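Let me begin by presenting the structure, written as structure tokens, before commenting on it.
Counting convention: from 1, in listed order, for ligands and their atoms alike. Please read these numbers as outputs of a predicted model, since none were measured by experiment.
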Amino acid sequence: MIPYGHQSLDESDIDAVADVLRSDWLTQGPMAPRFGRAVADYCGAAHGVAMSSATAGLHLACLALGLGPGERLWSSPISFVASANCGRYCGAEVDFVDVEPASGNLSIDALERKLELAEQQGRLPKVLVTVHFAGQPVDLAGIDRLRVQYGFKLIEDAAHALGAGFADSRIGDCRYSDATVFSFHPVKPITSGEGGVLTTNDPELAAQVGRLLCHGISRDPALMQGESDGPWYYQQIELGYNYRMSDIQAALGLSQLQRLDQFVARRRALAERYERLLAGLPLTPLARLPGRQSGWHLYVVRLDAGAGITRRQLFEAMRAAGIGVQVHYIPIHLQPYYRDQGFAEGDLPGAEAFYQSVLTLPLYPELSEAQQDEVVEALRQALA
Ligand SMILES: *Cc1c(COP(=O)(O)O)cnc(C)c1O
């Protein structure tokens with residue numbers, strides 16, 4: 001089976017991990033802070049904090065932005081469930097902004113209309129989580145205009161978008177957002193096994209996230225109540241978690257980061273090759289939005305209405321041919337957990353139409369041109 005995504009590891013990655021295994025520190029050593037800083041430096045942000053996953057990063061970003069019960073988080077329905085669950089972890093109400101079916105990214109028009117209505121009803125969101133779907137940046141300038149007007153906080157879920165850019169801004173520099181969160185799960189642009197990094201330009205937010213990922217504990221005398229008892233002393237000053245990244249993971253992430261640009265360039269070349277090879281088939285690639293450099297995390301096509309085959313039939317034919325196609329994503333509001341919160345079919349027509357038509361084709365740096373030809377030949381036969 002040719003999978004839809006796969007990690008690219010080499011001997012330098014294996015050596016980097018082995019070095020940590022031979023060192024004194026498997027966790028809470030120098031590597032996780034170093035990895036957080038390296039990602040922030042790559043993106044051009046002031047601070048970067050490494051943690052156990054992007055899900056943990058989204059949760060802590062929401063907490064540090066003060067999201068709580070009685071407040072609202074809005075997210076994109078075309079994402080992984082973690083983009084919405086972070087609001088529920090904080091006891092907030094979650095709602096969704098519809099997407100543009102051509103790109104799968106949040107619709108600025110839909111956001112503007114929903115904000116107007118919410119203002120009239122006194123139900124404005126405290127936090128918006130936006131996703132750079134498939135690695136292509138959302139219109140950050142458009143969202144920023146509305147952020148200034150309505151005063152919500154913005155978290156970029158950039159799990160797909162390390163190495164991507166919007167105009168002359170690199171995703172993760174937080175020019176338009178309060179925080180950006182990256183994932184290092186093996187299918188993502190680079191991997192640490194499991195892991196996440198939060199970048200921000202707000203020193204207070206970075207410090208608080210750093211405490212929350214380690215139980216809310218601090219050794220900083222300036223933050224303590226009363227005097228320190230001695231050199232061993234720490235205080236728990238708020239309720240935190242164990243969301244640490246180990247040094248083993250961070251070493252892998254640091255080693256992978258050195259090849260990120262190479263990976264993105266290879267993904268782009270393969271994506272452009274797909275576009276040429278698919279011409280003439282009843283498949284439409286995601287719209288390429290102006291002024292964006294995609295990270296090409298996923299190669300998503302939409303099945304045209306008159307194709308004479310359903311998406312399910314196409315999916316099954318591809319799987320039978322040994323091609324590990326996928327569907328990104330089942331709209332979050334249609335998950336049973338969110339239906340129980342009151343959502344139903346028809347609430348977000350753009351997201352639902354998108355879901356009905358999409359198929360993710362294999363794309364990862366080590367996909368060979370011969371394998372890519374095999375994918376296209378299988379599509380040709382299924383669509384014939
Ligand atoms: C993978 C992913 C996440 C979750 O990342 P983890 O590191 O596995 O927690 C969140 N959002 C999106 C859009 C993702 O693709």
For ligand 1, note which part of [X] has a heavy atom under 4.0 Å away: side chain, backbone, both or neither.
X: Ala159; answer: side chain
X: Thr55; answer: both
X: Phe133; answer: neither

Original post:
For atom 11 (N) of ligand 1, which protein heavy atom lies nearest, and how many Å away is it?
Top reply: Asp157 OD2, 2.7 Å
Please identify which atoms of ligand 1 are closer than 4.0 Å to at least one heavy atom of [X].
X: Ser79; value: 13 (C)
X: Tyr329; value: 15 (O)
X: Gly195; value: 7 (O)

Salt bridge or not for [X] and [Y], using N-O below 4.0 Å?
X: Glu345; Y: Arg339; value: yes
X: Asp95; Y: Arg123; value: no
X: Arg22; Y: Asp15; value: no
X: Arg276; Y: Glu272; value: no

Subject >> Note, Leu26 side chain near Ser246 side chain (heavy atom, < 4.5 Å) >> reply: no
Original post:
Hey, is Phe182 one of the residues with a heavy atom under 4.0 angstrom from ligand 1?
Top reply: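 Distance cut 4.0 Å: Phe182 fails for ligand 1.
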**OP:** Please confirm whether Ala56 comes under 4.0 Å of ligand 1, counting heavy atoms of the residue only.
**Re:**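 Distance cut 4.0 Å: Ala56 fails for ligand 1.
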Original post:
atom 1 (C) of ligand 1: which of His328, Glu194, His160, Lys188 has the nearest heavy atom?
Top reply: Lys188
**OP:** Only heavy atoms count here, so choose which of Pro186, Ser183, Ser83 is nearest to atom 8 (O) of ligand 1.
**Re:**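 Of the listed residues, Ser183 has the closest heavy atom.
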Original post:
Checking Arg147 against Tyr176: charged group under 6.0 Å from the ring centre and within 45 degrees of the axis?
Top reply: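 No, Arg147 and Tyr176 do not form such a contact.
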Original post:
Mind checking whether Tyr241 and Tyr243 have parallel, tilted or perpendicular rings, split at 30° and 60°?
Top reply: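 Parallel: the ring planes of Tyr241 and Tyr243 meet at under 30°.
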Subject >> Between Gln136 and His160: side-chain donor-acceptor atoms closer than 3.5 Å >> reply: no
Subject >> Polar contact flag for Ala54 and ligand 1 (N/O pairs, less than 3.5 Å) >> reply: yes
